[in-house]
Amino acid sequence: MQIRVPLFIGLRYTRAKRRNQFISFVSGFSLVGMALGVLALVLVLSVMNGFDREIKQRLLQVIPHGYLLASDPERNPLRDWRPVAEDIINHPQVIGAAPFVDGHGLIGYAGSVQGIEIRGIDPQLEKSVSAVAEHVIAGDFQQLEAGEYGIVIGRLLARYLGVNVGDYVTLTLPQLTITPAGIFPRTKRFKLVAVFEVGAQVDQRLALIHLADAQKVFRLGQAVHGVELRVDELYQAAAVVDEVAKPWQPDLVGKDWSQTQGSLFAAVKMEKTVIGVLLMIIVAVAAFNIISSLVLMVADKRTDIAVLRTMGLSRAQVMGVFIVQGAWVGILGILIGAVAGSLLAFIIGDVVVWLEQLTGLRIFDPNVYFISHLPSDWQWQDVIIVCSVGAVMSLLSTLYPAYRAARIEPAEALRYE
């Protein structure tokens with residue numbers, strides 16, 4: 001009964017028609033602000049999750065899930081990669097392994113130059129660790145043959161250089177060639193045989209050449225820099241790489257995709273965190289509005305509070321009345337915002353398409369962005385965190401007005417009544 005009285009009176013205050021319309025407006029504004037804040041948080045976090053998912057799916061279709069690298073690839077590369085590949089492929093979670101040569105250089109054509117990552121691959125074995133051949137949009141990936149010095153690059157890089165399939169580009173390597181005329185960087189002409197498009201950053205910085213050609217231009221002989229691998233479960237790659245690398249340590253070291261591409265995904269995660277914190281300010285503003293509305297309510301209900309105190313209500317019960325009233329406004333706004341935000345997160349892609357059709361504008365131009373739609377990945381964990389933080393803010397915002405209400409003395413409040 002002691003608990004029911006504050007609950008009953010607090011809920012009764014939320015339903016009652018107030019004489020002061022300004023108080024009612026402030027309370028309604030608090031509810032709307034809380035709902036909008038939670039809606040924005042749920043929606044934006046879902047969109048950020050969608051971008052993170054799209055980047056991982058697209059990027060990890062092309063790059064291998066893990067690598068076994070020579071501990072000193074420049075001085076002591078991997079001389080015989082076949083025993084390593086055979087040992088890797090025997091692991092039950094590994095579905096493919098292939099040798100590779102990795103380096104950096106400059107690619108140039110008609111006066112345009114771009115820094116790139118150069119990767120030497122075996123086209124046949126590469127299919128088991130990468131799906132780049134499935135994303136070729138021009139040319140033929142199978143023309144990447146040993147001794148022909150062919151090259152495959154991404155669409156964005158090809159567009160920047162202004163190069164087409166069949167054209168010859170120049171690769172400049174960070175190695176020096178000593179000639180009677182002086183010291184010059186090593187250069188080699190390659191024929192563009194194919195262009196791929198994944199929809200990720202590799203489209204503008206990755207170039208693929210045949211493994212044998214890479215061994216020649218990097219002067220490796222028959223050696224390679226390491227072995228790539230692909231696993232059946234993406235998020236188990238780190239554990240699998242550690243297992244397959246143990247027998248070959250310290251000559252080889254293992255790295256998984258979270259290490260090689262970790263900075264990119266860490267940046268996405270940081271952006272999600274920062275945006276979440278900034279949008280939480282909207283919820284905080286709504287919580288401050290709850291304080292304002294309750295302070296005004298306490299001032300308006302001084303006589304009612306005094307009467308309740310004279311009827312035996314304790315200070316704690318008076319606090320409970322206004323805590324219930326303020327928390328109800330906050331929780332109702334949180335529920336409305338969470339439901340509306342979740343529904344919008346599921347249909348935001350269709351809404352954007354409808355707006356594009358209605359206005360004739362392209363929000364995500366595929367010529368500019370990696371994706372042509374707005375992705376969304378609703379996760380219940382984000383909704384729980386947002387609702388919990390909002391509920392805590394709403395509850396804390398009621399404490400000061402409720403404390404002021406509990407400090408009202410009946411005699412003082414009823415003196416002039």
Lys191 NZ/CZ over Tyr149 ring centroid, <6.0 Å and within 45° of normal:
no
Less than 6.0 angstrom separating the ring centers of Phe196 and Phe141, yes or no?
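So the answer is no for these two rings.
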Please confirm whether the backbone N or O of [Y] pairs with a side-chain atom of [X], one donor and one acceptor, at under 3.5 Å?
X: Asp167; Y: Asn164; answer: yes
X: Thr172; Y: Thr187; answer: no
X: Ser394; Y: Gly390; answer: yes
X: His225; Y: Asp102; answer: yes
X: Thr398; Y: Ala327; answer: no

Nearest 0.5 Å, what's the CG-SG distance between Leu335 and Cys387?
7.0 Å
What verdict does the side-chain hydrogen bond (donor to acceptor under 3.5 Å, both in side chains) test give for Glu145 and His210, after you've listed the backbone C-alpha separation in whole Å, the side-chain angles of each residue and the deciding distance to 0.1 Å?
CA-CA 6 Å; Glu145 300 176 352; His210 196 279; over 6 Å; no
From Leu206, Val163, Val193, Leu208, residue fulfilling side-chain contact (heavy atoms from CB on, under 4.5 Å) relative to Ile153:
Val163
List the residues meeting salt bridge (charged side-chain N to carboxylate O under 4.0 Å, His left out) with Glu117, not counting sequence neighbours, and say none if there are none.
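Per chain and number, Glu117 pairs via salt bridge (charged side-chain N to carboxylate O under 4.0 Å, His left out) with Arg119, Arg205.
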Would you say OH of Tyr403 has more than 12 non-hydrogen atoms from neighbouring residues, nucleotides or ligands within 6.0 angstrom?
no
Look at atom CD of Glu233 and say whether more than 12 heavy atoms of other residues, nucleotides or ligands are closer to it than 6.0 Å.
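Correct, the count exceeds 12.
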For Val227 and Leu78: C-alpha separation, side-chain torsions, deciding distance, then whether side-chain contact (heavy atoms from CB on, under 4.5 Å) applies.
CA-CA 9 Å; Val227 178; Leu78 181 59; 4.0 Å; yes
Worked verdict on Gln215 versus Asp213 for side-chain hydrogen bond (donor to acceptor under 3.5 Å, both in side chains)
CA-CA 5 Å; Gln215 290 171 329; Asp213 298 340; over 6 Å; no
If you compare all heavy atoms of Ile290 against all heavy atoms of Ser397, which two are closest, and at what distance to 0.1 Å?
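Closest pair (atom of Ile290, atom of Ser397, distance): CG2-OG, 3.5 Å.
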Of all heavy-atom pairs linking Phe218 and Gly103, the shortest is CZ-CA, 3.8 Å
Pairs meeting criterion side chain to side chain donor-acceptor pair (under 3.5 Å) with involvement of residues 270-281, two or more places apart
Asn49-Lys272, Lys272-Asp382
Indicate the ring-plane relationship of Phe346 and Trp378, choosing parallel, tilted or perpendicular according to the 30° and 60° boundaries.
tilted
